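Read through the structure below, which is laid out as structure tokens, and then see the notes.
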Number of protein chains: 2
Amino acid sequence: MDISHTEENYLKAIFKISERDGKPASTNAISTEMNTSAASVTDMVKRLSDKALIHYERYRGVTLTELGEETATHLIRKHRLWEVFLVDKLHFSWDEVHEIAEQLEHIKSAGLVERLDEYLGFPKFDPHGDPIPDADGNFVIRKQVLLSELKREEQGVVVGVQDHTTAFLQYLDRMELVLGTPVKLLEYFDYDESMRVLINGEREQVLSKKVCQNLFVQKQ
Amino acid sequence: MDISHTEENYLKAIFKISERDGKPASTNAISTEMNTSAASVTDMVKRLSDKALIHYERYRGVTLTELGEETATHLIRKHRLWEVFLVDKLHFSWDEVHEIAEQLEHIKSAGLVERLDEYLGFPKFDPHGDPIPDADGNFVIRKQVLLSELKREEQGVVVGVQDHTTAFLQYLDRMELVLGTPVKLLEYFDYDESMRVLINGEREQVLSKKVCQNLFVQKQ
DNA sequence: ATACATTTTTAGACTAACTTAAAAAAATAT
DNA sequence: ATATTTTTTTAAGTTAGTCTAAAAATGTAT
């Protein structure tokens, strides 16, 4: 009994929603995430339940079973490793790799992921700073805060993004706010919740509320 | 109007059959190649014809249109480049890569293949010695003959296989008859059409008719 | 040239994944 | 607590890709 491409995508969506909301994924939430109708979700949810990948009782929302969660984290592992491959080896930029990795994550092969992991030097984070789960599905937890949470004169290093859109990633490239860049909060403007920051110890820049609330930093 | 995974596989099958038989691919030949029923082929062949990928008249067999042929050779290009990646970079053996490449060849992305090609150093042949078409679909034609066609005392270098099965590839590994190995025909036995050959200039070995008829060499 | 064999197509039906529209259940508000 | 809104499910139908069985067309052999 193997799992289809589509079923895998549902599992990922359910995993993502449960993580984000900290509660069972509702039919509606899944339909929004998957861009399908609620009716399709109900349909699929029955199939996934039959395959013991999720717990489902009608009108009650769904949670992943152990098997379902393993499957989901394994997909995330593959997705993020392929993203590293695309950026590190094929020199794609970080805003180009999501759609390709979305396809590559479904490749089925005993051994491929592990060999890829080794080939890439066992990276712990993907090009967007998201942690890559190990073969057992364990994520590295990193102490990170949003840039907007820094206090005046506090310093941090850019470690990840909350917003993964192309527009945001390209904006960050333009601002040279890549992963690993040191930042220091110089001044906070109450008026529009923007911030003046020192980037890379050499350049001052005012960043909007939206930017500051979508950039993760690790305090130094 | 894009092409499904399944449609792509049919195009590859039709390309392969047409190449091999030098005539339009029959419904039966396709159904054998694809492991489906003849009825399914008739069905699919109508769809492919509607998409202008093949020429089809009922009871007449099918040929690829220019678009269909481009699609098929592009798939072969992707398949073979991924095989090189799997062997050269991830250190899979040549008998393990076919099924994985069979999946990887369907990844859709503008630019991925070209970047992969460059990353691999623009290889002209895959790990089995099959030529990799260029971006325009042109294959390098190599002057090669079957080992069984060598005359006594003639020398050659192993350049490819006709039989791509795991069993044959593993046999060749055991015999150290990898690509690039020099061979020289010492003696031909009429009785069972086997041959005594000098492998790598250092070791004599009797090879069966079947082996000799499935190994390509380039005369020296 | 008719008969037989083979190949191909049609007909009807199945599954997975999807849809819309209507019905039912649950949540919310007064 | 009843009415209204929202969410979820059911019902019925679609498409892609598959199947088996039967019908039709083509090919072959005497």
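Treat the numbers as computed from the prediction; the structure is a model and nothing was measured. All values below come from the heavy atoms of this structure, side chains included, with hydrogens, waters and symmetry mates left out. Numbered from 1 within each chain, the chains take letters A, B, ... in sequence-line order.
DNA chain C is contacted by both A:Asn35 and B:Thr27; B:Thr27 maps to the nucleotide lying nearer its 5′ end (nearest heavy atom per residue). Across the interface with DNA chain C, nearest-nucleotide mapping of B:Tyr56 and A:Ala38 shows B:Tyr56 to be the residue nearer the 5′ end.
Comparing C:dA25, D:dT18, C:dA17 against the side chain of B:Thr36 picks out D:dT18 as the nearest. Relative to the side chain of A:Arg60, the nucleotides D:dT20, C:dT8, C:dA26 differ in distance, and C:dA26 lies closest. Closest to the side chain of B:Lys46, out of D:dC19, C:dT10, C:dC18, is C:dT10. The side chain of A:Tyr59 has C:dA24 as its nearest neighbour among C:dT8, D:dG17, C:dA24. Closest approach to the A:Arg47 side chain among D:dT18, D:dT26, C:dA16 is made by C:dA16 (side chain taken as heavy atoms from C-beta onward). The side chain of B:Ser40 lies closest to D:dT18 when the candidates are C:dA21, C:dT9, D:dT18. The B:Met44 side chain lies nearest to D:dG17 when the options are D:dT10, C:dC18, D:dG17. Distances from the side chain of A:Asp43 to the nucleotides D:dT10, D:dG17, C:dC18 place C:dC18 closest. With C:dT9, D:dA11, D:dG17 as the candidates, the nucleotide lying closest to the side chain of B:Thr6 is D:dG17.
Atom CD1 of A:Ile3 is separated from atom C1' of C:dA17 by 16 Å (rounded to the nearest Å). Distance B:Arg58 CZ to D:dA24 P: 12 Å, rounded to the nearest Å. Computed from coordinates, the B:Met34 CE to D:dA16 P distance equals 16 Å when rounded to whole Å. What separates NZ of B:Lys51 from P of D:dA16 is a distance of 8 Å, to the nearest Å.
Under a 3.5 Å cut-off, the side chain of B:Thr65 and the backbone N or O of B:Ala52 do form a donor-acceptor pair.
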Run the side chain to side chain donor-acceptor pair (under 3.5 Å) test on B:Trp82 and B:Asp126 for me, step by step, so that the C-alpha distance in whole Å, both residues' side-chain angles and the decisive distance to 0.1 Å come before the verdict.
CA-CA 9 Å; B:Trp82 279 117; B:Asp126 80 9; over 6 Å; no
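Aromatic ring centres of B:His128 and B:His98: separated by at least 6.0 Å. Aromatic ring centres of A:Phe85 and B:Phe85: separated by under 6.0 Å.
Looking at A:Asp95 and A:His164, their side chains never bring a donor and an acceptor atom within 3.5 Å of each other.
Proximity of A:Asn28 to the phosphate of D:dT8: a side-chain N or O atom is located under 4.0 Å from OP1 or OP2.
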